[in-house]
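Below, chain A is the first sequence line, B the second, and so on; all start at residue 1.
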Amino acid sequence: DSGVTQTPKHLITATGQRVTLRCSPRSGDLSVYWYQQSLDQGLQFLIQYYNGEERAKGNILERFSAQQFPDLHSELNLSSLELGDSALYFCASSVGGQVSGNTIYFGEGSWLTVV
Amino acid sequence: ELKVEQNPLFLSMQEGKNYTIYCNYSTTSDRLYWYRQDPGKSLESLFVLLSNGAVKQEGRLMASLDTKARLSTLHITAAVHDLSATYFCAVFPSGTYKYIFGTGTRLKVLA
């Protein structure tokens with residue numbers, strides 16, 4: 001158990017809908033990362049927050065948004081869902097946002113199926 | 001464009017054999033990470049390599065880093081079935097806050 005908690009574990013929804021994925025980082029970790037893993041795209045970095053502020057953006061679609069709250073939990077909002085958004089969404093956390101980097105620890109992931 | 005490439009993408013090997021997975025990256029990175037992922041599961045941290053020439057070993061796995069060549073290797077010694085998984089390397093490009101993962105190497109060890 002990495003200490004990173006993600007909910008829900010599984011989610012099935014229809015195209016055009018909106019969902020919210022939630023992540024609680026490890027105790028003491030200030031940085032939260034979101035990744036999307038699909039069969040054909042591998043593990044894609046979406047976005048990173050540090051202590052409530054957005055720090056880095058990757059290949060995140062405009063239909064997707066995220067935020068980190070004062071209690072450090074984070075939410076990833078996916079809207080106008082398409083079939084291609086079906087994937088495993090991981091949250092990861094680390095101690096700090098410094099440039100040198102620390103090991104990041106992954107949650108169990110949220111399986112999203114869009115039908 | 002930043003690239004982190006692993007070679008091979010798929011590897012099927014017999015128990016007891018040795019093999020090496022390669023991770024090439026196209027940018028300066030202060031550190032390199034190796035992770036293991038079992039099917040449908042989370043990613044588990046294996047190694048963090050902090051500097052040029054770093055070598056770390058855990059059981060049948062040994063990882064090394066050559067920052068000048070922008071190359072890391074993950075060597076498997078006398079493979080056993082329990083090592084079957086997908087292995088990812090990841091870099092932390094200098095001056096960024098991103099961890100960029102490689103393409104992954106799916107390893108299958110045959111009994």
Side-chain angles (χ1 to χ4, degrees), chain A residues 1-6 9-10 23 25-26 29-51 53-60 68 87-113, chain B residues 1-10 21 23-52 54 56 58 63 65 67 72 85-106:
Chain A
D1 183 1
S2 68
V4 179
T5 304
Q6 289 186 248
K9 288 187 170 22
H10 296 90
C23 170
R26 295 188 319 155
D29 285 357
L30 299 179
S31 284
V32 169
Y33 308 79
W34 286 97
Y35 287 85
Q36 179 193 56
Q37 186 175 37
S38 56
L39 285 176
D40 58 346
Q41 293 292 324
L43 199 64
Q44 297 291 315
F45 170 72
L46 296 178
I47 199 164
Q48 186 235 344
Y49 283 85
Y50 172 73
N51 203 22
E53 290 187 8
E54 180 186 306
R55 277 289 178 92
K57 244 181 180 178
N59 301 321
I60 187 167
Q68 185 179 28
L88 181 54
Y89 290 84
F90 282 111
C91 171
S93 74
S94 71
V95 171
Q98 67 268 30
V99 177
S100 61
N102 299 295
T103 299
I104 58 174
Y105 296 90
F106 283 79
E108 295 295 311
S110 292
W111 281 97
L112 173 65
T113 302
Chain B
E1 181 189 346
L2 170 61
K3 287 186 178 180
V4 183
E5 295 179 331
Q6 291 182 229
N7 179 36
L9 297 182
F10 300 96
I21 298 171
C23 172
N24 291 275
Y25 53 98
S26 63
T27 188
T28 303
S29 178
D30 296 329
R31 302 183 177 196
L32 189 128
Y33 308 81
W34 283 97
Y35 285 83
R36 167 184 170 140
Q37 185 183 32
D38 292 305
K41 302 293 186 181
S42 183
L43 280 80
E44 173 191 356
S45 175
L46 294 175
F47 300 109
V48 181
L49 301 168
L50 302 179
S51 61
N52 186 43
K56 288 201 173 178
E58 180 72 33
L65 178 62
T67 57
S72 180
T86 299
Y87 293 86
F88 290 93
C89 63
V91 299
F92 192 82
S94 302
T96 77
Y97 296 99
K98 304 178 185 182
Y99 293 80
I100 306 299
F101 282 77
T103 47
T105 295
R106 188 179 299 175

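For a residue to count as touching a neighbouring chain, one of its non-hydrogen atoms must lie under 4.5 Å from one of that chain's; by this rule B:S45 touches chain A with the side chain only. Contact of A:Q37 with chain B is made through the side chain alone, with heavy-atom distances under 4.5 Å.
Taking the side chain as every heavy atom from C-beta outward, A:Y33 and B:Y99 approach each other to under 4.5 Å. A heavy-atom distance below 4.5 Å is not found between the side chains of A:I104 and B:L43. The closest side-chain heavy-atom distance from A:F90 to B:Q37 is below 4.5 Å.
To the nearest 0.5 Å, the span separating CZ on A:F106 from OH on B:Y35 amounts to 5.5 Å.
Side chain of B:K98 to main chain of A:K57: a donor-acceptor pair is present (N/O by atom type, distance under 3.5 Å, no hydrogens or angles).
Chain B forms more heavy-atom pairs under 4.5 Å with one residue of A:L88, A:L43, A:I47 than with any other, namely A:L43.
When all heavy atoms are compared, the tightest approach of B:S42 to A:G107 is OG-O, 2.6 Å.
In this structure, A:F45 has its ring center no closer than 6.0 Å to that of B:F92.
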